[in-house]
Amino acid sequence: MGPLVPDVISNDLNFIIALVIGVAFGAILEQAGFSTSKKLVGLFYGYDFTVLRVFFTAGLVAMFGIIMLDHWGYLDVNLIYINPTFVGAAIAGGLIMGLGFVIGGFCPGTSVCAAAIGKIDAMYFILGSVIGILIFAEGYPLWEDFYKAYNFGGIRIFDTFGISQSLFAFILTSIALLTFWATSIIENKVNGISKPVIRFTPYYLGLTAVGIFIAISAFMFPPKKAGLLEMVENLEFVNSYPLNEITSDELAYRMMERDKKLQVFDFRTSDEYRKQSLPNSILFSIDNFFEKEPNRFLSLANRTNVFVANDEMVERKIAIIAKELGYNNIKILSGGIKTFDKLILNFDNTQTPQNKVEETTFAFREKASLVIPEMIKNNKPKGGVEKKLKRVVGGC
Amino acid sequence: MQTKYMNPYLAGFLLGLLLVATVYITGRGLGASGAVKSMTVQVVESVTPNHAENTKFYKEYLSEHAGSPLKSWLVFEVIGVLIGAFISGLVSERLNLTLEHGPRINSRIRIFGAITGGLLFGFGAQLGRGCTSGAALSGMAVLSSGGILTMIAIFGGAYLFAYFFRKFWI
C-alpha cells in the first residue's frame with residue numbers, strides 16, 4: 001500500500017527515484033515546449049495556450065489518479081503530503097510569482113528545463129531566483145509574522161467548500177473542458193487563423209477515452225471498503241463463512257501465560273475500550289484496515305490475531321472483511337466480550353460442577369477471575385495505532 | 001527546421017501520470033523552487049557559516065533539514081530535470097545557446113527582465129510555500145486548498161500584470 005517510501009523504499013533509494021522522476025519530468029516539460037519563455041507567456045497574451053492545456057490536463061489526471069488509488073485502497077491519503085494552507089502568504093506569494101512570470105517569462109521548473117538546453121535568459125532567471133530567496137532569507141524577520149499567519153493547516157479544497165470530493169472533481173473537470181474550448185477560440189482569433197476548435201481525431205478520442213475510464217473507475221464502482229461492508233450485511237453468507245474461533249477459556253489461559261504471539265484487536269468504541277480493555281489489546285476499527293500504519297501491525301508474522309467486540313456477530317463481520325483483504329491468521333472470540341465477561345471476569349463460583357471436566361474448568365475460571373482483572377487493572381490501554389506517524393514531509 | 005512539440009494534451013496526460021506515480025511512490029509531489037532554496041542555503045552556509053548560524057531563516061531551515069541541505073529529494077529531482085530536458089533537447093535538436101527575447105526589446109532588457117522575474121519568483125515561492133510545480137500543480141493533484149489558492153493567485157496575478165509588460169513579449 002502506498003506511499004512506498006519509507007517502508008518499501010528506503011530514504012536513500014528515494015534519492016535515486018527522485019533523479020529518475022526528475023528526468024521524466026524534465027523530458028516531458030521540454031517536449032511540451034516549456035523550455036521557451038515565448039511559449040510560456042503566450043498564455044497571458046492569448047497567442048499560445050499550450051501551458052494551460054498541459055497544466056490543466058496534468059492536474060486533472062493526477063487528481064483522478066490519486067482519487068482512484070485511494071478509492072481502491074492502494075494509497076493511504078492520510079500519509080501523503082498536503083500543502084498547508086496559509087491564506088495570506090499563499091495569495092501574496094502567488095501574486096508576486098504571477099508578476100515574476102510575466103516579467104521573467106519562466107517559472108522555476110521551466111527555467112531549469114530551458115537552461116538545460118542552452119537558453120541564456122533562463123540561466124539569468126535562475127540567478128534571479130537565488131537572489132530572491134536570499135532577500136527572503138535576509139529579511140525573514142520582517143515578513144515572518146505574515147508568512148505564518150492565517151494558518152488553516154493541510155485542509156483540502158472540497159472540505160473548504162463543504163462539498164464532496166466527487167462533486168468538486170466534476171466541477172473542476174467541467175471548468176477545464178470549457179476552458180480548453182474557450183481558449184482555442186481565443187487563440188484562433190489572436191493568431192488570425194481558423195483551426196477547428198473541437199477535433200475528433202482518433203488521437204483525441206483515445207486520450208478522452210482513457211480519461212473517462214480513469215474518471216469512471218474513480219467514482220462509479222463502489223469503493224472496496226463499501227463493497228466489503230455491503231457483503232457482510234448478508235447474514236447467511238456471514239454465518240456460513242469459515243472462521244477460526246478461540247474460546248474465552250483459551251484466551252484467558254494465553255493471557256495469563258503472557259503469550260507473546262497473542263495480539264488482541266479491540267473493535268469496540270474507544271469509550272468502551274478506555275473504560276476496560278484486555279491486557280495488551282489494541283484499539284482498532286475497520287478504517288484501520290485501509291490505513292498504512294495500522295495495517296502493518298496486522299501483518300506481523302507468526303501472531304495469533306484475536307478480534308474482539310461486544311458480540312460475536314460483529315466480530316464475524318469484521319473478521320470476514322479482514323480475511324477478504326488478505327489477512328489470514330485471525331481468530332474471533334467465541335461469544336464476544338460479553339461471554340468473556342460472564343465466564344471469566346465475573347465467574348459465578350456458586351455453581352457446582354457436574355463432572356470432571358467442569359470441575360477443572362471451573363477451577364481454572366475461578367483462578368482466572370482473580371488474575372485477569374488484576375492484569376487489566378495494571379495494564380495501560382495501548383490505544384489506537386498512531387496513523388500519521390510518518391506523514392511525508394514535502395513541499396516545494 | 002521547425003521543431004515540433006508534443007501534443008499538449010498528451011504531454012499533460014503523461015505529466016499527470018508521472019505525478020500520480022510520484023505521489024504513490026514517495027507520498028509527495030513534484031517541485032522545483034525548493035531545490036534552488038537548498039542550493040542557496042548551502043552556498044550561504046559554506047561562504048559565511050557564522051551568518052548562517054545567526055540568521056533565523058537559515059537556522060530554521062538547517063534545523064528542519066538534518067544533514068546537508070543538498071541531500072534533499074528536490075535537489076536530486078531537479079538534477080534529473082536538467083538531465084531529462086537536456087536529453088529531450090538533444091533528441092529533438094533544440095540544443096542551442098540562445099537568448100530569446102520579444103521583437104520590441106533587446107537582449108539587455110531581456111536579461112534584466114529574466115533576473116527581475118526570477119527574483120520575484122524566488123521570493124514569491126518562499127512566501128507562497130512553493131511554486132507552479134510544488135504548490136500549484138502538486139497542490140491541485142492532492143486537492144490542497146492552499147495549493148489551489150496559490151495557483152489561482154499566480155495565474156490571476158499574471159493576467160492582472162500582463163498588460164503592463166506586453167512590450168517584453170509581443
Side-chain angles (χ1 to χ4, degrees), chain A residues 2-5 15 18-19 22-23 26-27 30-33 44 50 53-54 57-59 61-62 65 80-83 85 90-91 93-104 107-109 113 116-118 120-121 124-125 128-129 131-133 136-137 140 155-157 160 392 394 396, chain B residues 5-6 8 11-12 15-16 19-20 24-28 31-34 40 57 73 76-77 80-82 84-86 88-89 96-97 99 111 114-115 117-124 126-128 130-134 139-141 143-147 149-150 153-154 157-158 161-162 165:
Chain A
L4 304 182
V5 173
F15 289 131
L19 195 73
V23 170
E30 208 288 323
Q31 281 299 318
F44 307 117
T50 302
R53 294 185 184 118
V54 176
T57 312
V61 170
I80 65 176
Y81 177 75
I82 310 281
N83 320 42
T85 301
I91 295 175
L95 289 174
I96 294 170
M97 285 188 265
L99 181 61
F101 213 154
V102 285
I103 297 178
C107 58
C113 217
I117 65 159
I120 296 162
D121 40 343
Y124 281 109
F125 185 94
S129 50
I131 300 171
I133 292 166
F136 186 86
Y140 187 56
I155 50 166
R156 304 184 71 194
I157 190 86
T160 304
V392 176
C396 192
Chain B
Y5 291 113
M6 192 189 277
L15 187 56
L19 192 47
V20 175
Y24 176 70
I25 297 171
T26 70
R28 49 164 308 141
S33 62
T40 310
F57 180 82
W73 197 90
F76 282 83
E77 183 229 57
V81 171
L82 273 170
F86 181 83
S88 162
N96 231 334
L97 265 187
L99 187 113
I111 291 171
I115 295 178
L119 188 152
L120 291 167
F121 233 116
F123 187 92
Q126 295 318 305
L127 193 59
C131 60
T132 8
S133 341
M140 184 174 165
L143 296 175
S144 138
S145 299
L149 191 61
T150 307
I154 294 175
F161 304 124
F165 298 95

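The line from CG of L119(B) to CD1 of I103(A) is 10.0 Å long, rounded to the nearest 0.5 Å. Note that the CG atom of D121(A) and the CG atom of L99(B) stand 4.5 Å from one another [nearest 0.5 Å]. To the nearest 0.5 angstrom, Y124(A) atom OH is 4.0 Å from I111(B) atom CD1. From C131(B), atom SG reaches atom CE of M97(A) across 7.0 Å, with rounding to the nearest 0.5 Å. The CD1 atom of I80(A) sits 9.5 Å away from atom OG1 of T26(B), with the distance rounded to the nearest 0.5 Å. Taking CZ of F121(B) as the reference point, atom CZ of F125(A) lies at 5.5 Å (rounded to 0.5 Å).
Contact between A116(A) and A85(B) at its shortest, heavy atoms only, is CB-CB, 3.8 Å. F57(B) and A137(A) get closest at one heavy-atom pair: CD2-CB, 3.2 Å. The nearest pair of heavy atoms linking A62(A) to A141(B) is CB-CB, 3.5 Å. A158(B) and F101(A) get closest at one heavy-atom pair: CB-CB, 4.5 Å. For the residue pair G147(B) and N83(A), the shortest heavy atom distance occurs at N-CB, 4.5 Å. Here the closest heavy-atom approach between residue F76(B) and residue A18(A) is recorded as CB-CB, 3.7 Å.
For the residue pair T85(A) / S145(B), no side-chain donor-acceptor distance below 3.5 Å is found, with atom types taken as modelled.
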Residues L15(B), V54(A); criterion side chain to side chain contact (heavy atoms under 4.5 Å, CB included); working and verdict
CA-CA 8 Å; L15(B) 187 56; V54(A) 176; 4.1 Å; yes
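Across I96(A), T50(A), I131(A), the residue that shares the most heavy-atom pairs under 4.5 angstrom with chain B is I96(A). For the set I91(A), I155(A), T160(A), the count of heavy-atom pairs under 4.5 angstrom toward chain B peaks at I155(A). When A114(B), G122(B), G139(B) are compared by the number of non-hydrogen pairs under 4.5 Å with chain A, A114(B) comes out ahead. Heavy-atom pairs under 4.5 Å with chain A were tallied for A11(B), G12(B), G128(B); the largest tally goes to G12(B). Counting heavy-atom pairs closer than 4.5 Å to chain A, the top-ranked of the candidates I25(B), L149(B), L97(B), L82(B) is I25(B). Between chain B and the residues C113(A), G98(A), A32(A), the most heavy-atom pairs under 4.5 angstrom are made by G98(A).
In terms of the salt bridge (charged side-chain N to carboxylate O under 4.0 Å, His left out) criterion, E77(B) has no residue partners (sequence neighbours excluded). Take S88(B) and apply the side-chain hydrogen bond (donor to acceptor under 3.5 Å, both in side chains) test, not counting sequence neighbours, and it matches E30(A), Q31(A).
With a 4.5 Å cut-off on non-hydrogen atoms, F136(A) touches chain B through its backbone and its side chain both.
Side-chain contact check for P8(B) versus T57(A): every heavy-atom pair is 4.5 Å or farther apart.
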